[in-house]
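Atoms within a ligand are numbered from 1 in the order they appear, just like the ligands themselves.
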Amino acid sequence: MSFLTKLVLVPALLALVSAEFPFELEVDLDFDPAVARNDDPASYRLPEDLDPIHCNIEVTPYFETAPEGKEPFTFDGETTLYIRVLSEGLTAMILQDNVKDIVNVTLVTENFDIVPLNDSTPFDRIRQYFFLRINLADGVTLANGQVYLLNIHYIGNINETPLTRGMFRGNYKDSSGKFTFSWYAGTHLQPTHGRQLFPSFDEPGFKSTYNITVNRPANFTQTYSNMDIAETIPMGDLVKEVFYTTPRMSAYLISILVSEDFTVIAENNDADRPYRIIARPNAPNQGEYALKVGPPLTKWFEDYFSIPYYTMGPGMKNDQIASPDWASGATENWGLVSYREVRLLYEEGETNALDKMYIGTITAHELAHKWFGNLITARWWDNVWINEGFASYFEYFGMVYPELELESQFNIMYVQSALSADSSAATRALRHTVNSPTEVTGHFSGISYSKGATLLLMLKHFLSEDTFKKALNRFLVDRLEVWSYEHAFPEDLYVAFKNATTEDGTQLYSADIEEFLKYWVDEPGYPVLDVTVNTDTGLVQLSQERFFISATATQTQQVWPLPLTYTTGKNPDWNALTPTTVMLGKSDEIQIDAGDAWVIFNVQQKGNGMYRVNYDENNWKRIANALKADINNIHFLNRAQVIDDVFALMRSQRITFEQGFEVLDFLRDDTSYYSWYPATSGLNWIRNRFLHLPSVLAEYDAVLFEFLQAVIEDLGYDVVEDEPLTRTLNRLFVLSFACNIGHSGCVQDALQKFTALRTSQTPVNPNLRRHVFCVGLREGTYDDWNWLYNRRLDSNNQGDEVAMLRALGCSSDEQAVKEYLEMILSDDVKAQDTVNAFTFLYMGDKGNAKIALQFLKERTEEIRKAVVLPAWFQNVLSGIAGYLDEEGLEDMEQWLNSNQESVPEFNVGLSAIASARSSMKWGDDNADAVLKAMGRGSGHVIVPTLSLLFTTLIALMLR
Ligand SMILES: *[C@@H]1O[C@H](CO)[C@@H](O)[C@H](O)[C@H]1NC(C)=O
Ligand SMILES: *[C@@H]1O[C@H](CO)[C@@H](O)[C@H](O)[C@H]1NC(C)=O
Ligand SMILES: *[C@@H]1O[C@H](CO)[C@@H](O)[C@H](O)[C@H]1NC(C)=O
Ligand SMILES: *[C@@H]1O[C@H](CO)[C@@H](O)[C@H](O)[C@H]1NC(C)=O
Ligand SMILES: [Zn+2]
């Protein structure tokens with residue numbers, strides 16, 4: 001599974017980056033019914049006395065016009081499980097099921113002798129734990145070592161949206177751009193929804209081969225599944241399609257797509273190494289980019305892991321399918337990877353560079369899963385990082401296009417998001433016990449992806465790429481050859497690393513590789529390294545403690561093994577990526593040359609990766625001065641590190657605002673993408689706390705405009721053909737930020753572009769649309785809004801559609817806002833985009849949250865239904881609080897308090913209100929210190945200069 005925005009508080013919010021969140025939600029969004037019911041956690045797990053070795057599944061889906069006796073949007077299912085018994089004296093079989101109805105059950109031996117079941121209750125459905133128990137007749141037991149065939153007839157649901165997973169339905173637009181109700185049904189089983197498709201051993205550690213058969217309506221097009229079609233048999237109104245046997249795999253990897261007319265939109269026509277892009281038929285030519293990146297990536301992984309892809313199963317194919325509706329970013333089903341359309345389809349001139357890049361990285365992520373996840377699978381979801389950490393690492397280090405700078409982007413996209421996600425007191429270790437489905441889904445979180453991937457990068461630099469590669473290969477090959485497609489535990493990985501490091505004689509200093517890995521896997525959080533330099537003697541004192549973003553968190557005794565890299569101003573070496581030592585204790589010392597040079601630890605933020613660094617006041621000053629003299633005195637990735645660390649250190653009160661902003665002053669001269677990505681995030685975090693203090697905000701923004709001057713001047717307002725990707729991305733993010741805070745040059749340019757588009761159809765580059773459309777609508781009329789609304793309906797590319805959805809939320813016209821809210825509840829917004837649609841509206845214009853609150857109060861039930869998942873509804877509730885002023889918060893508080901029965905999630909709303917208030921209080925408490933540190937004196941008395949007054953007025957006008 002790929003969930004894309006790494007830092008997100010809730011995986012649902014696929015279109016946002018961390019910088020855009022107004023504040024951290026310190027609420028538990030994963031309300032777990034299992035916990036509420038006081039379930040026995042262990043009861044969710046299957047006993048290990050049965051081994052499903054093979055499974056036949058046959059499904060017959062019924063759509064809108066179901067035949068006599070069948071319900072629309074259900075399917076008939078029949079499954080036969082070939083089960084080997086692994087213990088003595090069993091009188092029942094337990095598997096998982098969450099289908100609509102079980103019709104009947106029979107059990108036979110391998111020789112087809114009937115095994116009698118209990119007369120009165122041949123089976124029980126234990127709904128609380130999703131168990132199906134098959135009860136043998138009194139006195140009958142299963143023979144240890146024997147294989148039995150369990151046959152089950154059942155009925156399943158084709159759910160209304162993919163958010164509920166299992167088998168779901170959707171429809172898509174024809175080429176006129178309107179919905180025509182062309183139906184399709186897909187499956188999304190990860191992580192705990194195989195049981196919705198068929199009664200199954202629905203845990204990743206149980207692996208079987210599968211023979212899948214689908215009986216589709218005769219007037220539909222061919223069905224797609226993991227494997228190719230072996231046989232097609234017409235049966236009147238239906239066509240039976242039998243697929244080849246899958247490799248041995250976990251149930252969650254099964255994939256089926258039945259549709260009226262999905263088709264192959266791009267393929268490489270290579271019979272030995274087929275690669276195809278499948279989509280709705282009216283997206284021709286949108287598969288070319290995905291086809292360009294996929295085959296070389298497949299080859300790269302084959303070479304790197306020394307295990308070929310196309311022989312993983314007989315007749316392996318490598319299809320990628322674009323699903324108009326999809327709950328996550330993409331899912332790694334073997335032979336048929338499913339993507340949300342925006343993550344696979346690229347339309348020249350409409351898709352922006354960021355979405356295009358994600359098509360590449362997510363393809364890499366999903367293909368890497370073929371080795372890490374599909375071949376080798378975590379035994380249970382407590383170690384989901386073994387799947388997701390590896391896939392996320394290779395998402396950036398497997399891409400074969402240097403011009404994307406993915407190795408460098410990994411720092412800001414993954415390392416820094418890991419540092420952020422893992423700094424709360426509530427964070428969890430990579431290995432973390434989970435049982436109920438809600439807990440499982442929750443562990444598919446930022447930590448498993450970003451920290452898992454960061455740990456791997458750290459290992460690579462610690463051990464050297466050759467040893468790292470050898471260890472991965474040992475791990476994979478052992479599991480394949482010795483254990484044959486078996487599941488794995490972290491311990492297996494430790495053994496592989498031990499083997500490779502021993503064999504290569506890798507210098508590990510005093511660290512034991514297993515101890516090293518274990519600590520990072522089993523402990524939550526990460527440390528901050530405190531560095532104190534004695535310039536007279538050159539003695540550097542080091543100490544570490546856990547880093548908490550909250551200044552009031554209780555400190556722990558944890559001590560991490562830290563491989564150290566550093567360089568100094570006397571003789572800067574930015575390639576010193578191999579650690580010189582491993583710090584094993586709480587404190588340590590190293591010796592450098594005496595003298596007045598700066599020291600920087602964690603070279604390129606790669607040598608170790610997962611820690612922050614704080615220096616004594618004088619070393620910070622030396623770093624600040626070096627940067628002031630010339631930003632190029634410090635490597636661009638260490639500038640990114642310094643910026644990200646400084647914001648975190650200020651927030652956690654480890655350094656003062658004065659110290660922090662003295663360092664950050666170099667932003668005035670810095671135009672690098674890698675600097676501005678963490679900078680906008682950090683600056684926005686503070687800014688969101690000043691929104692209720694107009695005069696402070698004006699002062700603060702005035703400094704931001706100064707900071708932004710050089711970078712905007714350097715980037716310009718237009719995309720230059722053939723410029724580096726990161727320049728385009730930098731412009732996209734920086735201008736979006738600048739326009740949003742009312743930077744006059746940005747706003748004027750955006751208005752001009754928007755007017756030119758409206759009056760003379762001058763196209764706007766997709767990489768500028770985010771801010772151009774937003775400013776156009778914020779400053780525009782209802783007519784402008786309506787125009788973009790219709791333009792969105794005519795769009796044939798999901799990336800562009802979502803970009804416009806985002807802009808539609810920027811209007812402050814009351815009629816437009818009302819229609820926008822109605823639109824969220826209509827079919828015009830896909831279920832997967834509803835929560836984002838709300839967030840776009842709050843973010844779009846400050847006044848919109850209040851209108852949305854009225855809407856929420858009046859239409860609670862409809863909204864609850866539209867967002868489908870309980871956690872998503874809670875998200876809407878808490879999201880809104882982040883954008884309300886005190887008056888709005890009081891209104892919301894009163895509504896929640898007096899509607900506790902109809903809004904049982906009221907507690908979530910109330911704690912979001914408390915968070916919003918404490919954010920404002922942070923602003924009240926720190927405004928003076930921040931402004932003073934930024935050289936603006938006290939925010940309340942300063943008299944702005946004339947030019948400042950001008951920008952300030954524009955800023956206020958735009959809110
Ligand atoms: C089980 O149900 C299916 C579908 O209704 C039916 O065809 C089959 O004969 C039934 N089997 C038994 C043993 O009742
Ligand atoms: C599964 O399908 C293969 C053909 O792909 C066939 O040879 C095999 O017998 C089937 N297995 C079962 C148990 O039906
Ligand atoms: C298939 O048949 C159904 C029922 O007659 C009809 O509603 C649907 O439009 C048809 N689909 C196609 C692609 O012809
Ligand atoms: C590493 O594993 C390989 C086989 O997987 C084995 O031949 C070799 O002896 C092992 N080396 C060490 C140092 O354990
Ligand atoms: Zn994944």
Original post:
Got a protein heavy atom sitting under 4.0 Å from atom 9 (O) of ligand 1?
Top reply: no
Subject >> Close side-chain approach of L472 and F390, heavy atoms under 4.5 Å >> reply: yes
Subject >> Top protein contact for atom 7 (O) of ligand 1, by heavy-atom distance >> reply: H153 NE2, 4.5 Å
**OP:** Classify the ring geometry between H188 and W326 as parallel (under 30°), tilted (30 to 60°) or perpendicular (over 60°).
**Re:** parallel
Subject >> Atoms of ligand 4, numbered as shown, that sit under 4.0 Å from any heavy atom of E503 >> reply: 1 (C), 8 (C), 10 (C), 11 (N)
Subject >> Numbering as shown, the atoms of ligand 1 that approach V103 to under 4.0 Å (heavy-atom distance) >> reply: 2 (O)
Original post:
How are the rings of F516 and F462 set relative to one another: parallel (under 30°), tilted (30 to 60°) or perpendicular (over 60°)?
Top reply: tilted
**OP:** Would you check the N or O atoms of N104, main chain and side chain alike, for any that come under 3.5 Å of an N or O of ligand 1?
**Re:** yes
Original post:
Measuring to protein heavy atoms, does anything land under 4.0 Å from atom 5 (O) of ligand 4?
Top reply: yes
Subject >> atom 14 (O) of ligand 4 protein-contacted (non-hydrogen atom, under 4.0 angstrom) >> reply: yes
**OP:** Tell me which part of K498 gets within contact of ligand 4: side chain, backbone, both or neither, using heavy atoms under 4.0 Å.
**Re:** neither
Original post:
If hydrogens are left out, which of N499, N473, V477 has an atom nearest to atom 11 (N) of ligand 4, that is, the closest non-hydrogen atom?
Top reply: N499
**OP:** Answer yes or no: is there a side-chain heavy-atom contact under 4.5 Å between L367 and T363?
**Re:** yes
Original post:
In degrees, rounded to 10 degrees, what angle do E388 atom OE1 and H365 atom NE2 make at the Zn ion (ligand 5)?
Top reply: 100°
Original post:
Is there a donor-acceptor pair under 3.5 Å between the side chain of H369 and the backbone N or O of F372?
Top reply: yes
Original post:
Between H487 (side chain) and G205 (backbone), is there a donor-acceptor pair under 3.5 Å?
Top reply: yes
**OP:** Please work out which of the three classes, parallel, tilted or perpendicular, describes the rings of W371 and F301, given edges at 30° and 60°.
**Re:** tilted
